[in-house]
Amino acid sequence: MSPKTLYDKIWDAHVAHEAEDGTCLLYIDRHLVHEVTSPQAFEGLRMTGRTVRAPDKTIAVPDHNVPTTLDRAKGIENPESKIQVEALDKNAADFGIHYYPVSDVRQGIVHIVGPEQGWTLPGMTVVCGDSHTATHGAFGALAHGIGTSEVEHVLATQTLIQRKGKNMKVEITGKLRPGVTAKDITLSVIGKTGTAGGTGYVIEYCGEAIRDLSMEGRMTVCNMAIEGGARAGLIAPDEKTFEYCKGRPHAPKGAQWEAAMAWWKTLYSDDDAHWDKVVTIKGEDIAPVVTWGTSPEDVLPITATVPDPSDFTGGKVDAAKRSLDYMGLTPGTPLSEIEIDTVFIGSCTNGRIEDLRAAAAILKGKKIKDGLRAMVVPGSGLVRAQAEEEGLADIFKEAGFEWRLAGCSMCLAMNPDQLSPGERCAATSNRNFEGRQGRGGRTHLLSPAMAAAAAITGHLTDVREMM
Amino acid sequence: MDKFTTLTGVAAPMPLINVDTDMIIPKQFLKTIKRSGLGINLFDEMRYDDDGNEIPDFVLNKPQYRDAEILVAGDNFGCGSSREHAPWAIKDFGIRCVIAPSFADIFYNNCFKNGILPIALPQKAVDVLMKDAEKGANARMTVDLEAQTVTTSDGESFAFEIDSFKKHCLIEGLDDIGLTMEKASAIDAFESKAAMERPWV
């Protein structure tokens, strides 16, 4: 048998049909659904009299629109958001799919709930009408975002029409330096390859620095594969993966667990597998980073200065000018002198318990800068409960952070958590696009520890100075 | 789905790289439960000021491009979120074809589901098309999907590549789901086999 990559193996195990021209029907093991990209798909099913083919493999949770304020039990104020969430309530009931409503303590961001509940397992195909589905690749699953028409297609047929992508290996060798996190890895990779560097590829992240990461760190890395243009990013499962999955509500038990383990242990790229592209970065070369512009590729170490558009070539010259104008930044300014108004800790990138621990470790016994607005939005109700149990919530509250309920919140500002024009935010989320966190809002992406450091000083800060 | 065969129309130039789906349709318009009516909010934050008035300099607000049916743009068009609201908004505005040096993967796929033809061409070809688009309403570009060509108003022609299955679906206006359901027996067979091999799934 010819050597295969991990992606090849998962792909081959899921092809339900292959046409002569190479177009495949890829079988989908888990279909995650949220309220924003699904109503039109369910409506399509109703209009054509179709049903959900595999309701037991379909899991829904509202996350984008839900309020995160403590009074959310009183309902959603925005009428359109309310309709969208109510539509998901109804669709989940009508079509008999698994559902975690807003009132359920397990509710949260779909990409945090899936792994937490054991829905996401190694070797699976996982899709969701959301580009950050790549997160689930951390388990050695083939996971990617799809559009609403494809959501409808998966609901109706449990398959997707696909052509196989190319294989790209991103290796992070050696150890990370203190203060450097999974977020710094994933942003640094995008800085090196560009936001289109992964287009057409599935990325496998490997190397000692990746192996050393916890499952939560691996999820952070894979989460942003899409920001590098790759639909999916994945990491071969190992003991850490199995340990994480074991005992979760929807993970296999007993003999099925043993059978699953036997297959999961075959899920790695063969030594002489073919790679269409290879990127190698030394772990020790990665620094804590922040973004300065309006694309995730606009990333630099915190010790750097705002670049000059003339540093770039091609279309990037005008793009950098536009970014700096939008961000209100002057070339040559040290990044660590950029003052911020707001800090947002949360999102499917960095809204898990370890992220909150990392931020709380910096904040413990300290106060945020006077006048700063700061909020923590846990990724799920269970993350929130655990953080309260561990005393992290108290650290955040005593420091001056708002302690919110679970949801996507200010990552994309579909709910009331938004930036005002010109408001500058240090955010642990994944996109710094124009208007992403609110019209005219300015976003600097960074790790949870870096966000905590910025909250204390009121400007972007090298977290290593506080360690 | 609407068929796409040939199209002759005004092309709007948008020489920006990394046009993301948040730019194409900002999140406040994702709260709809319909597919229609988003054209008025296409490129909303670039197109309107804080008071909702049109920004005259924005390309689609210029008289010559208000009825554009083709958009010529920079590298990595459609990057970011998977929101199909982006192609819905483009289509609802009246644009049926986007030409760029490269597209983000999910956006590219979403176009085909909505009768929109995304065409990837080398930067040099896009540069020529961009210049042609800048001529305004009297310069009409022609896209021929069957022949896989784009022709400028001066008659200069560029051939483009496209997946044969996607081309077929677009020309015939085929419904993907209907096509896949014809293969239900293959899916049934796969499911039975997978249930034996991986019963925990």
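A, B, ... follow the sequence lines: proteins, then strands. Residue 1 opens every chain. Just so it is clear, the structure is predicted and the values come from calculations on it, not from any experiment.
Ion pairing between a basic and an acidic side chain is recognised when a charged N comes within 4.0 Å of a carboxylate O; A:Arg53 and B:Asp188 show such pairing. With respect to the salt-bridge test (charged N to carboxylate O, under 4.0 angstrom), the residues A:Arg436 and B:Glu45 do not qualify.
Counting only distance, with no hydrogens or angles, the side chain of B:Glu84 and the backbone of A:Thr37 share no donor-acceptor pair below 3.5 Å. Looking only at distances, a side-chain donor or acceptor of A:Arg431 sits under 3.5 Å from a matching main-chain atom of B:Gly80.
Comparing A:Ala413, A:Gly147, A:Pro421, A:Ser295 by heavy-atom pairs within less than 4.5 Å of chain B, the highest count is held by A:Gly147. Chain B forms the most heavy-atom pairs under 4.5 Å with one residue out of A:Glu80, A:His132, A:Gln84, and that residue is A:Gln84. Ranked by heavy-atom pairs under 4.5 Å with chain B, the list A:Ser149, A:Gly194, A:Ala251, A:Pro252 is led by A:Ser149. Ranked by heavy-atom pairs under 4.5 Å with chain B, the first of A:Thr48, A:Ile146, A:Val151 is A:Ile146. Ranked by heavy-atom pairs shorter than 4.5 Å toward chain B, the options A:Glu43, A:Glu35, A:Gln418, A:Arg50 are led by A:Arg50. Chosen from B:Ile17, B:Leu16, B:Asp175, B:Thr21, the residue pairing most often with chain A at heavy-atom distances under 4.5 Å is B:Ile17. Options B:Arg198, B:Lys193, B:Lys183, B:His85 differ in how many heavy-atom pairs under 4.5 Å they form with chain A, and the most are formed by B:Arg198.
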Test A:Gln40 against B:Trp88 for side-chain contact (heavy atoms from CB on, under 4.5 Å), laying out the working first. CA-CA 11 Å; A:Gln40 294 86 352; B:Trp88 293 338; 3.6 Å; yes
Pair B:Thr180-A:Leu25, side-chain contact (heavy atoms from CB on, under 4.5 Å): steps then yes or no: CA-CA 8 Å; B:Thr180 297; A:Leu25 281 183; 3.7 Å; yes
Run the salt bridge (Lys or Arg N to Asp or Glu O under 4.0 Å) check on B:Asp75 and A:Lys316 step by step: do they pass? CA-CA 10 Å; B:Asp75 224 356; A:Lys316 193 69 192 170; over 6 Å; no
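Of the two parts of A:Leu121, only the side chain, counted from C-beta on, holds a non-hydrogen atom closer than 4.5 Å to a non-hydrogen atom of chain B. Residue contact with chain B, scored on non-hydrogen atoms closer than 4.5 Å, involves the backbone and the side chain of A:Glu152 alike. When heavy atoms are compared at a cutoff of 4.5 Å, A:Ala320 does not approach chain B at all. Both the backbone and the side chain of A:Asp29 come within contact range of chain B, each with at least one heavy atom under 4.5 Å from a heavy atom of that chain. With a 4.5 angstrom heavy-atom cutoff, B:Ile187 touches chain A via backbone and side-chain atoms both. With a threshold of 4.5 angstrom between heavy atoms, B:Asp50 approaches chain A through its backbone and through its side chain. Heavy-atom distances place the side chain of A:Met124, and not its backbone, under 4.5 Å from chain B. Contact of B:Asp44 with chain A is made through backbone and side chain together, with heavy-atom distances under 4.5 Å. At a 4.5 Å heavy-atom cutoff, the contact between A:Thr157 and chain B is made by backbone and side-chain atoms alike. Heavy atoms closer than 4.5 Å to chain B are found in both the backbone and the side chain of A:Ser81. Both the backbone and the side chain of A:Thr148 come within less than 4.5 Å of a heavy atom of chain B. Proximity to chain B is absent for every atom of A:Ala230, based on heavy atoms less than 4.5 angstrom apart. Contacts between A:Asp56 and chain B at a heavy-atom distance below 4.5 Å are absent for every atom of the residue. Heavy atoms of A:His14 lying under 4.5 Å from chain B belong to its backbone as well as its side chain.
Residues from residues 92-129 of chain B that place a non-hydrogen atom less than 4.5 Å from a non-hydrogen atom of chain A comprise B:Phe103, B:Asp105, B:Ile106, B:Asn109, B:Asn110, B:Lys113, B:Asn114, given in numerical order. Inspection of non-hydrogen atoms places B:Asp22, B:Met23, B:Lys27, B:Leu30, B:Lys31, B:Thr32, B:Ile33, B:Lys34, B:Arg35 of residues 22-38 of chain B under 4.5 Å from chain A. Annotation: residues 254-263 of chain A contacts chain B through A:Gln256, A:Ala259, A:Ala260, A:Trp263 [non-hydrogen atoms, separation under 4.5 Å].
Once rounded to the nearest 0.5 Å, the distance linking CZ of B:Phe165 with CD of A:Glu20 reads 13.5 Å. To the nearest 0.5 Å, the span separating CD on B:Glu191 from OG1 on A:Thr159 amounts to 10.0 Å. Note that CD1 of A:Ile161 is 6.5 Å distant from CG of B:Leu179, once rounded to the nearest 0.5 Å. In this structure, A:Leu412 CG and B:Ser81 OG are separated by 8.0 Å, a value rounded to the nearest 0.5 Å.
The environment of A:Glu77 atom CD is sparse: at most 12 non-hydrogen atoms of other residues, nucleotides or ligands sit within 6.0 angstrom. Within 6.0 Å of CD1 in B:Ile40 there are 12 or fewer heavy atoms belonging to other residues, nucleotides or ligands. Within a 6.0 Å radius of CG in B:Asp49, other residues, nucleotides and ligands contribute more than 12 heavy atoms.
Under the 3.5 Å distance criterion, with hydrogens and angles disregarded, a donor-acceptor pair is assigned to the side chains of B:Asn76 and A:Thr195.
For the residue pair B:Ser164 and A:Arg163, the shortest heavy atom distance occurs at OG-NH2, 4.3 Å. When all heavy atoms of B:Ser82 and A:Ser131 are compared, the closest pair comes out as OG-N, 3.4 Å.
For the pair A:Phe433/B:Asn18, no side-chain contact is recorded, criterion being any heavy-atom separation below 4.5 Å from C-beta on. Using a 4.5 Å heavy-atom cutoff, the side chains of A:Glu150 and B:Asp176 are not in contact. Between A:His17 and B:Phe190, every side-chain heavy-atom pair lies at or beyond the 4.5 Å cut-off.
Under the side chain to side chain contact (heavy atoms under 4.5 Å, CB included) criterion, A:Cys24 pairs with A:Trp11, A:Val15, A:Glu18, sequence neighbours left out.
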